[in-house]
Asks: 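Sharing a structure with you now.
Computation of the quantities below employed the complete heavy-atom set of this structure, encompassing side-chain atoms and omitting hydrogens, waters and symmetry-equivalent molecules.
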Number of protein chains: 2
Amino acid sequence: MPGSAELLLGEFLRTLDDRFRLTLPTELLDPLLGDGSRLVIAKERTGCLSLWSAATWQPRMDAALDVIRSKLEAGLLDQRLGQMQDLGRLLSTRQRTIPLAGRGRLVIPDGFRSLLGVEPGGEVVVVGAAVCVELWQPAAWDACIAVEMPGFRQRIDELTS
Amino acid sequence: MPGSAELLLGEFLRTLDDRFRLTLPTELLDPLLGDGSRLVIAKERTGCLSLWSAATWQPRMDAALDVIRSKLEAGLLDQRLGQMQDLGRLLSTRQRTIPLAGRGRLVIPDGFRSLLGVEPGGEVVVVGAAVCVELWQPAAWDACIAVEMPGFRQRIDELTS
DNA sequence: GTCTCAATGGGCCAAAAACCCACGAAAAAA
DNA sequence: TTTTTTCGTGGGTTTTTGGCCCATTGAGAC
């Protein structure tokens, strides 16, 4: 169960290598990996990628696939094919399992670099997002915080009251 | 149970050394730690940070996450994870667990220094706030007292009546 | 077949963080 | 008032680690 694991929290600044390599902070690396060692990188939005432990990601995929399947059962064959095509496209391009080198170092794959929008040698904000780790372009991170922050206290109060 | 523990009270002046290290007063350290040894540092406002025992903080987090889980139980796993992700991302910006060195000394982490607004070698007012310990920039503390003081008697009367 | 270029993985170094100790001052006890 | 102990602060040392650099390997082109 993903939620019962230790929460990934903390905000760190890291510089990207000239080969788009990044060293994860040890505070995030250990709980992110958990027991397994495989990592999934996913596209979130412009200026943001996310990293998931395969153990957390897999149930999410399975659940999504179950929903798709059940929806397809009721549909027509041609619609089924079309939706399968859409799904396959998303699965192929929006996520990818990546290896993790020694010292917790990973390479941001080719198709994911433009979305992040950080040039080699640039800086990346590494953010623990409870269930995953997010990689942000600094400007995009600042913008995100500026938008989300005002309502944050209220949301917390709502949840904890 | 956090509330049943001894209340954290008192006001102390401490100097921040050039490495952003701060020694907590022993009067506050022992009751703050309780049994566990981990601390959570949180951003309160400009000129003010707060310190919580992890034992006090964790139930609050668990409660918030439990609410999310129960509220979203009818939805998809994908949505549940997304909500946790949003919340966790914001939590990361406001708080962080920090280790405590010997002699009850802690290091104010990188992202928290600017909000406190105290340069290395400067002074910090350490205040017991009953359920947590607050670190204040002296000027901000004075301003806070100036604002809060007039209504103090009234609030006490309200609480004790 | 050979040369060149590029990608990948590993090793090294320096800066910073964590740890430890010691001194001095202040408070408490005698 | 004097002595003793506790506690806050500074500094030195060691270990970790983030960032840079190099070496080796594999692929592609000429």
Asks: Residues two or more places apart in sequence or in another chain: which of them pass side chain to side chain contact (heavy atoms under 4.5 Å, CB included) with B:Q95?
Replies: A:L9, B:V40, B:A42, B:W57, B:M61, B:L91

Asks: At a cut-off of 3.5 Å, list every protein nitrogen or oxygen paired with a nitrogen or oxygen from nucleotides 6-9 of chain C, distance to 0.1 Å.
Replies:
| from | atom 1 | to | atom 2 | distance (Å) |
| --- | --- | --- | --- | --- |
| C:dG9 | N7 | A:R21 | NH1 | 2.9 |

Asks: Are any of B:T15's side-chain N or O atoms less than 4.0 Å away from OP1 or OP2 of D:dT9?
Replies: yes

Asks: Test of understanding: with side chain to side chain donor-acceptor pair (under 3.5 Å), list the residues that count as partners of B:E44, not counting sequence neighbours.
Replies: B:S50

Asks: Would you list the atom pairs, donor with acceptor, under 3.5 Å between side chains in residues 14-26 of chain A and any protein atom, with sequence neighbours excluded?
Replies:
| from | atom 1 | to | atom 2 | distance (Å) |
| --- | --- | --- | --- | --- |
| A:R14 | NE | A:T23 | O | 3.3 |
| A:D17 | OD1 | A:R19 | N | 2.7 |

Asks: Suppose the criterion is salt bridge (charged side-chain N to carboxylate O under 4.0 Å, His left out): which pairs have a residue in residues 50-59 of chain A, not counting sequence neighbours?
Replies: none

Asks: Who pairs with A:E119 by side chain to side chain donor-acceptor pair (under 3.5 Å), at least two apart in sequence or on another chain?
Replies: none

Asks: In whole angstrom, what separates B:D17's CG from C:dC20's C1'?
Replies: 15 Å

Asks: Nearest whole angstrom, please: distance from the P of D:dG8 to the CD of B:E123.
Replies: 15 Å

Asks: Report the distance from atom CZ of B:F20 to atom P of D:dT9, rounded to the nearest whole Å.
Replies: 16 Å

Asks: Go through the structure and list residues passing side chain to side chain donor-acceptor pair (under 3.5 Å) with B:T97, not counting sequence neighbours.
Replies: none

Asks: What integer distance in Å separates B:I98:CD1 from C:dA17:P?
Replies: 13 Å

Asks: Whole angstroms only, please: what is the CG-C1' distance between A:L29 and D:dG18?
Replies: 13 Å

Asks: Within the 4.0 Å heavy-atom criterion, would you say B:R103 contacts the bases, only the backbone, or no part of the nucleic acid?
Replies: base

Asks: If we ignore hydrogens and angles and just use 3.5 Å, is the side chain of A:E134 paired with the main-chain N or O of A:A129 as donor and acceptor?
Replies: no

Asks: Going through the checks in order, is the side-chain contact (heavy atoms from CB on, under 4.5 Å) test met by A:L49 and A:R113?
Replies: CA-CA 9 Å; A:L49 302 173; A:R113 296 171 186 173; over 6 Å; no

Asks: Does anything in residues 138-150 of chain A form a salt bridge (charged side-chain N to carboxylate O under 4.0 Å, His left out)? List the pairs, not counting sequence neighbours.
Replies: A:E148-A:R155

Asks: Describe, as an angle rounded to 10 degrees, how the axis at the first end of the helix from C:dG1-D:dC30 to C:dA30-D:dT1 is tilted relative to the axis at the last end, five pairs per end.
Replies: 10°

Asks: Is there any ring-ring contact (aromatic ring centres under 6.0 Å, His included) pair reaching into residues 97-117 of chain B, and which pairs are they, with sequence neighbours excluded?
Replies: none

Asks: Quick one: B:L100 CG to D:dG8 C1', roughly how many Å, whole number?
Replies: 14 Å

Asks: Take atom CG of B:L13 and atom P of D:dG8, then tell me their distance rounded to the nearest Å.
Replies: 13 Å

Asks: Where do N or O atoms of nucleotides 4-6 of chain D meet protein N or O atoms at under 3.5 Å, pair by pair?
Replies:
none

Asks: Please enumerate all residues that pass side chain to side chain contact (heavy atoms under 4.5 Å, CB included) together with A:R45, with sequence neighbours excluded.
Replies: A:C48, A:W136, A:C144, B:R89

Asks: Round to the nearest Å and state the distance from A:F12 atom CZ to D:dG19 atom P.
Replies: 13 Å

Asks: Is any side-chain N or O of A:T26 closer than 4.0 Å to OP1 or OP2 of D:dT17?
Replies: yes

